[in-house]
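The block underneath contains the structure these notes are about, expressed in structure tokens.
All values derive from a computational prediction rather than experimental measurement. Throughout, residue positions are numbered sequentially from 1 according to the sequence presented.
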Amino acid sequence: MTIIAFIGLGNMGSGMAANLVKAGHDVRAFDLSETALKQAEEAGCLIAGSAAEAVRGAEAAVTMLPAGTHVTSVYEGDIFAAADRDMLLIDCSTIDVATARKVGGEAAERGFAMVDAPVSGGIAAASAGSLTFMVGGSEGAFKRAEPILSAMGKAVIHAGETGAGQAAKICNNMLLGATMAATCETLAMAEKLGLDAQTFYDIASVSSGQSWSLTSYCPLPGVGPKSPADNDYQGGFAAALMLKDLKLAVDAARSVDAPVPMGALAGQLYQMVVNGGRGGRDFSAIIQMLAEKEG
Ligand code: NAD
């Protein structure tokens, strides 16, 4: 059993913290939201009055926060001052690579072992304990983080040094955003060309057009395995979060002069999805926008 501080118990963090409790860890939770804290208490976490109180005396801290500004303020404002120097710090939030490197560097200067460990998988995977963790940090920090992350996920992969977890996450999600957009426009076009949706699915899923977006997460209801499309595009990975990740990816690409025309175009398309009022729907709902358009 490890004493673990968990900060940020929203859609993702609540399920992740519950899985740490189920694995036998002593979890001390803090969130700014009373509702989130109440839910964490029901899942068996001990409630702390602040992030500093949560980390005091803990052996590890896990953060699952909205963006880089929240991560900076929680680490610089509370964790670095209150945590014991031998404590392991794990940030699972999806944030920009530059902030991950900055906060990781500050942790190292203070003598902490820290990893950036963003996840692939949405709210259902967080509850089921089947997330994939992409981890950036030293070999030693990775080895310490692995058993804790394994209690919340199905795969824990060391991506490289500090910031490499975030780099892997945004590269993966840029690929996903672009393939989902391409899959959706293709399915919409196939229908307009008179192809039966199930027949085209059967063909493409065993042909060179096959992709995860098509065969594991088909954006059409009633076709392929169950996906958010079968639930009116609710309960998956929100289009607004895909837009957030595409913006992070395009910014990161710019910082290293990597040309990403497909990623940038996917970002523009997801901006249109959000502007059109579908930001809260699953990201596969981009098919609704693409099917509506005249051409
Ligand atoms: P969320 O908004 O539901 O939860 C974030 C929580 O952090 C909220 O409960 C909020 O009150 C809390 N918080 C914010 N500032 C705080 C502070 N200073 N101190 C304590 N608590 C604070 O977000 P989420 O959907 O759980 O996503 C969390 C992270 O995971 C994001 O970085 C997101 O990009 C990433 N992510 C989300 C999904 C998804 O499907 N939702 C999938 C993969 C990755």
Does a side-chain N-to-carboxylate-O contact under 4.0 Å join [X] and [Y]?
X    : Y    : result
E292 : R278 : yes
K38  : E42  : yes
R56  : D84  : no

Give, for atom [atom1] of [X] and atom [atom2] of [Y], the distance between the pair rounded to the nearest 0.5 Å.
X    : Y    : atom1 : atom2 : answer
L175 : C171 : CG    : SG    : 9.0 Å
W212 : T179 : CH2   : OG1   : 8.5 Å
L32  : H70  : CG    : NE2   : 8.5 Å

For this session: List for me each residue that meets salt bridge (Lys or Arg N to Asp or Glu O under 4.0 Å) alongside R254, sequence neighbours excluded, and say none if there are none.
Result: D251

Exercise. In chain order, what residues pass the salt bridge (Lys or Arg N to Asp or Glu O under 4.0 Å) check against D202, with sequence neighbours excluded?
Worked result: none

Problem set entry | Partner of Y75 by side chain to side chain donor-acceptor pair (under 3.5 Å), out of D91, T63, T99 |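 Per the side chain to side chain donor-acceptor pair (under 3.5 Å) rule, the option paired with Y75 is T63, out of D91, T63, T99.
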
Exercise. In this structure, which one of T94, N173, N172 forms a side chain to side chain donor-acceptor pair (under 3.5 Å) with D245?
Worked result: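 Among T94, N173, N172, the one meeting side chain to side chain donor-acceptor pair (under 3.5 Å) with D245 is N173.
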
For this session: Apply salt bridge (charged side-chain N to carboxylate O under 4.0 Å, His left out) to R110 and E76, showing your working.
Result: CA-CA 11 Å; R110 290 167 170 81; E76 291 178 356; over 6 Å; no

Between [X] and [Y], which heavy-atom pair has the shortest distance, and what is it?
X    : Y    : result
D116 : A164 : OD2-N, 3.7 Å
A168 : A159 : CB-CB, 4.3 Å
D230 : P225 : OD2-O, 3.8 Å
C45  : A29  : CB-CB, 3.9 Å
L88  : A141 : CD1-O, 4.1 Å
F30  : A54  : CB-CB, 4.2 Å

Under 3.5 Å, which donor-acceptor pairs link side chains of residues 144-155 to any protein atom two or more places apart or in another chain?
unit_1 : atom_1 : unit_2 : atom_2 : d
R144   : NH2    : D86    : O      : 2.7
S150   : OG     : E146   : O      : 2.8
K154   : NZ     : T132   : OG1    : 3.3

Does any N or O in the side chain of [X] come within less than 3.5 Å of the main-chain N or O of [Y], such that one atom is a donor and the other an acceptor?
X    : Y    : result
R281 : Q234 : no
T162 : G137 : no
Q210 : V206 : no

Indicate yes or no: at least one non-hydrogen side-chain atom of [X] is less than 4.5 angstrom from one of [Y].
X    : Y    : value
D26  : L46  : yes
I79  : L89  : yes
M87  : E59  : no
S120 : L131 : no
M174 : K169 : no
R28  : E53  : no
L290 : M189 : no

Quick check: is [Y] connected to [X] through a chain of hydrophobic side chains (ILVMFWY, heavy atoms under 4.5 Å apart)?
X    : Y    : answer
V55  : I90  : no
I170 : I157 : no
M289 : Y270 : yes
V74  : F112 : yes
M262 : M180 : no

Exercise. Mind checking whether F283 and Y217 have parallel, tilted or perpendicular rings, split at 30° and 60°?
Worked result: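 If you compare the ring of F283 with that of Y217, the planes turn out tilted.
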
For this session: Scan side-chain atoms only and decide if Q166 and R101 contain a donor-acceptor pair under the 3.5 Å cut-off.
Result: no

For this session: Mind running side chain to side chain contact (heavy atoms under 4.5 Å, CB included) on T72 and V103 for me, showing each step along the way?
Result: CA-CA 7 Å; T72 303; V103 175; 4.1 Å; yes

For this session: Name all residues meeting the side-chain hydrogen bond (donor to acceptor under 3.5 Å, both in side chains) criterion together with S284; count only those two or more places apart in sequence or in a different chain, and write none if there are none.
Result: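 With neighbours one apart ignored, the set is D282.
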
Determine all donor-acceptor pairs shorter than 3.5 Å in which one atom belongs to a side chain in residues 5-25; sequence neighbours excluded.
unit_1 : atom_1 : unit_2 : atom_2 : d
S14    : OG     : G10    : O      : 2.7
N19    : ND2    : G15    : O      : 3.2
N19    : ND2    : A126   : O      : 2.9
N19    : ND2    : S127   : O      : 3.2
H25    : ND1    : T2     : N      : 3.1

For this session: Linking directly or through intermediates, with side-chain heavy atoms under 4.5 Å: list the remaining ILVMFWY members grouped with I287, chain and number order.
Result: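 Reading the cluster by chain and number, I287 sits alongside L187, L195, F200, Y201, L214, L220, V223, Y233.
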
For this session: Apply side chain to side chain contact (heavy atoms under 4.5 Å, CB included) to V135 and V156, showing your working.
Result: CA-CA 7 Å; V135 187; V156 182; 3.9 Å; yes

